[in-house]
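Below is one structure, written out as structure tokens; the observations come after it.
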Amino acid sequence: MAKSKLEYIWLDGYKPTQSLRSKTKIEDDFSGNLDDCPMWSFDGSSTEQAPGGSSDCLLKPVFICPDPQRKNGYLVMCEVLNADGTAHESNGRATIQDDDNDFWFGFEQEYFLWDMAIDKPLGFPAEGFPTRGQGPYYCSVGAQNAYGRYIVEEHLDACLDAGLNVEGINAEVATGQWEFQIFAKGAQAAGDQIWVARYLLERIGEKYNVSINWHCKPLGDTDWNGSGMHANFSNSTLRTAGSKEVYSKICESFGSSPEVIKEHIDVYGADNHLRLTGKHETQSITQFSYGVSDRGASIRIPIATVERGWKGWLEDRRPNSAADPYKVAAVIIKTVKSADVLETA
């Protein structure tokens, strides 16, 4: 009888930033299909999701893919439910209102490979900073520039072998900083794939005793870039608008009031004020702006969208590297749907 290893993955209840958790379930003669993944449970009192006296939380499988690093293995992304089957308050995926998968998302996930021995990025000296400032490391090659490529390449292969829709990788501006991009049709699918890709990267890091630093500004108030998770998004309106006015209305809806701006910033990752300073290709967290090809704006309108006759997508540059893609997608969808573009279209 064949036995399969199902790694159930979920998000805990830690605040302000949730962490990945997982455990293995052995199943006999498993089909590999999501529908055949049983519900499971875990001790929510150990993950800040339930009190000790009533600690059971449920794991609802929502996404499955092969586990490229385990024999007869599968990775199973799960939503967390309360014992009565309702969505747990920590369950950001359940808040996404994209039932028809009309929204498409492409997330640009930045991160630092972190040398735990010196508590600094790979490539940093034990004391002080590299002799060269940031810049030479962006899309670089060579041992003096690119640090940790062996981890990044292994992660890319693992993601592709798992069937995740990774669209590219590159070294980023700071030493030891990298990025991968994932695109999916459907907000939930995009979030599922980002979280599974993060999980694989964390597990590969274990192998080399290198941690993954998702913090948006791990080097503090220095002249080194922070890390973002730029959210590229579209729906049928944006993909077919053919109208600058439609794009302007949608962009303006994101800055329509202090309350809307705050609603976004609240789920765009902790400590974002350290990253959104108006420097290093960011807009200040206290301001909102949008513009064509403007990497210093809150919302960038890609030049490709304009060249296609205002048919394409938008990029929200404010989400940071530690943000929950489920929650980011949910609030973006809500705001886009709030824009009154019917008469203009």
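The structure displayed is predicted, hence computed values, not measured ones.
Ring geometry, F233 versus F254: the interplanar angle falls from 30° to 60°, so the pair is classed tilted. Using a 30° and 60° split on the angle between ring planes, Y150 and Y208 fall in the perpendicular class, above 60°. Using a 30° and 60° split on the angle between ring planes, F129 and F124 fall in the perpendicular class, above 60°.
Under a hydrophobic clustering in which Ile, Leu, Val, Met, Phe, Trp and Tyr are joined whenever their side-chain heavy atoms come within less than 4.5 Å, directly or via other members, V166 and F183 fall into different clusters.
In this structure, T237 and T240 have side chains that are not in contact, with every pair of non-hydrogen atoms separated by 4.5 Å or more. Two residues are said to be in side-chain contact when any heavy atoms from C-beta on lie closer than 4.5 Å; C78 and V62 fail this criterion. With a 4.5 Å cut-off on side-chain heavy atoms, F42 and S22 do not count as touching. Residues I299 and R317 are not in side-chain contact: their nearest non-hydrogen atoms beyond the backbone lie 4.5 Å or more apart. Put simply, the side chain of I9 does not reach to within 4.5 Å of the side chain of W195, judged on heavy atoms. Side chains of I169 and V152 form a contact here, defined as non-hydrogen atoms less than 4.5 Å apart. Between L238 and I250, some side-chain heavy-atom pair lies under the 4.5 Å cut-off.
For the ring pair (Phe, Tyr, Trp, His ring centres under 6.0 Å) condition, the pairs that include at least one residue of residues 44-99, sequence neighbours left out, are F30-Y74.
Between E27 and K25, at least one side-chain nitrogen of the basic residue sits less than 4.0 Å from a carboxylate oxygen of the acidic one, meeting the salt-bridge criterion. In summary, R203 and D67 engage in a salt bridge, as defined by a charged side-chain N under 4.0 Å from a carboxylate O. Taking the charged nitrogens against the carboxylate oxygens, D28 and K3 do have a contact shorter than 4.0 Å, which makes a salt bridge.
Remark: E263 pairs with K334 by the side-chain hydrogen bond (donor to acceptor under 3.5 Å, both in side chains) rule, at least two apart or across chains. K244 meets the side-chain hydrogen bond (donor to acceptor under 3.5 Å, both in side chains) test with no other residue; sequence neighbours excluded. In this view, Y247 satisfies the side-chain hydrogen bond (donor to acceptor under 3.5 Å, both in side chains) rule with no residue, not counting sequence neighbours. In this structure, D100 has no side-chain hydrogen bond (donor to acceptor under 3.5 Å, both in side chains) partners at least two apart in sequence or on a different chain. Scored by the salt bridge (Lys or Arg N to Asp or Glu O under 4.0 Å) test, R239 finds D102 as partners (sequence neighbours excluded).
Side-chain atoms of E89 and N91 form no donor-acceptor pair, as typed in the model, at a separation below 3.5 Å. Residues Q177 and S227 have side chains that bring a donor and an acceptor to within less than 3.5 angstrom of each other. Residues S31 and D36 have side chains that bring a donor and an acceptor to within less than 3.5 angstrom of each other. If you check the side chains of R70 and T24, you find a donor sitting under 3.5 Å from an acceptor. For the residue pair Q18/K327, the side-chain donor-acceptor check at 3.5 Å is satisfied. Under 3.5 Å, the side chains of Q283 and R318 contain no donor-acceptor pair of N or O atoms. For the residue pair H215 / D271, a side-chain donor-acceptor distance below 3.5 Å is found, with atom types taken as modelled. Between Y138 and N145, the side chains place no donor N or O within less than 3.5 Å of an acceptor N or O (distance only, hydrogens not considered).
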- Please test R93 against D192 for salt bridge (charged side-chain N to carboxylate O under 4.0 Å, His left out), starting from the C-alpha separation and ending with a verdict. CA-CA 9 Å; R93 189 181 191 276; D192 295 338; 2.9 Å; yes
- Query: side chain to side chain contact (heavy atoms under 4.5 Å, CB included) between N235 and W104: does it pass, once the steps are laid out?
  - Reply: CA-CA 6 Å; N235 65 348; W104 301 354; over 6 Å; no
- Task: Could you please spell out the steps behind the side chain to side chain donor-acceptor pair (under 3.5 Å) verdict for Q134 and N225?
- Result: CA-CA 8 Å; Q134 64 182 16; N225 270 29; 2.8 Å; yes
- Query: Do Q181 and N170 pass the side chain to side chain donor-acceptor pair (under 3.5 Å) test, and can you show the C-alpha distance, the side-chain angles, and the key distance before you say yes or no?
  - Reply: CA-CA 9 Å; Q181 306 95 33; N170 59 270; 3.0 Å; yes
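Relative to the six-membered ring of W40, K23 meets both conditions, a distance below 6.0 Å and an angle of at most 45° to the axis.
Judged by distance alone, with hydrogens and angles left aside, the side-chain atoms of N213 form no donor-acceptor pair with the main-chain N or O of F112 at under 3.5 Å. No donor-acceptor pair closer than 3.5 Å links the side chain of N33 to the backbone N or O of D35. A donor-acceptor pair is defined here as one N or O able to donate and one able to accept, closer than 3.5 Å; no such pair exists between the side chain of K217 and the backbone of H273. Using modelled atom types, one side-chain atom of S321 and one backbone atom of W214 make a donor-acceptor pair closer than 3.5 Å. When atom types are taken as modelled, the side chain of D12 and the backbone of S19 share a donor-acceptor pair closer than 3.5 angstrom. A donor-acceptor pair is defined here as one N or O able to donate and one able to accept, closer than 3.5 Å; no such pair exists between the side chain of T86 and the backbone of N82. Using modelled atom types, no side-chain atom of S298 and backbone atom of Y290 make a donor-acceptor pair closer than 3.5 Å.
The neighbour count for E167 CD, taken as heavy atoms of other residues, nucleotides or ligands under 6.0 Å away, is above 12.
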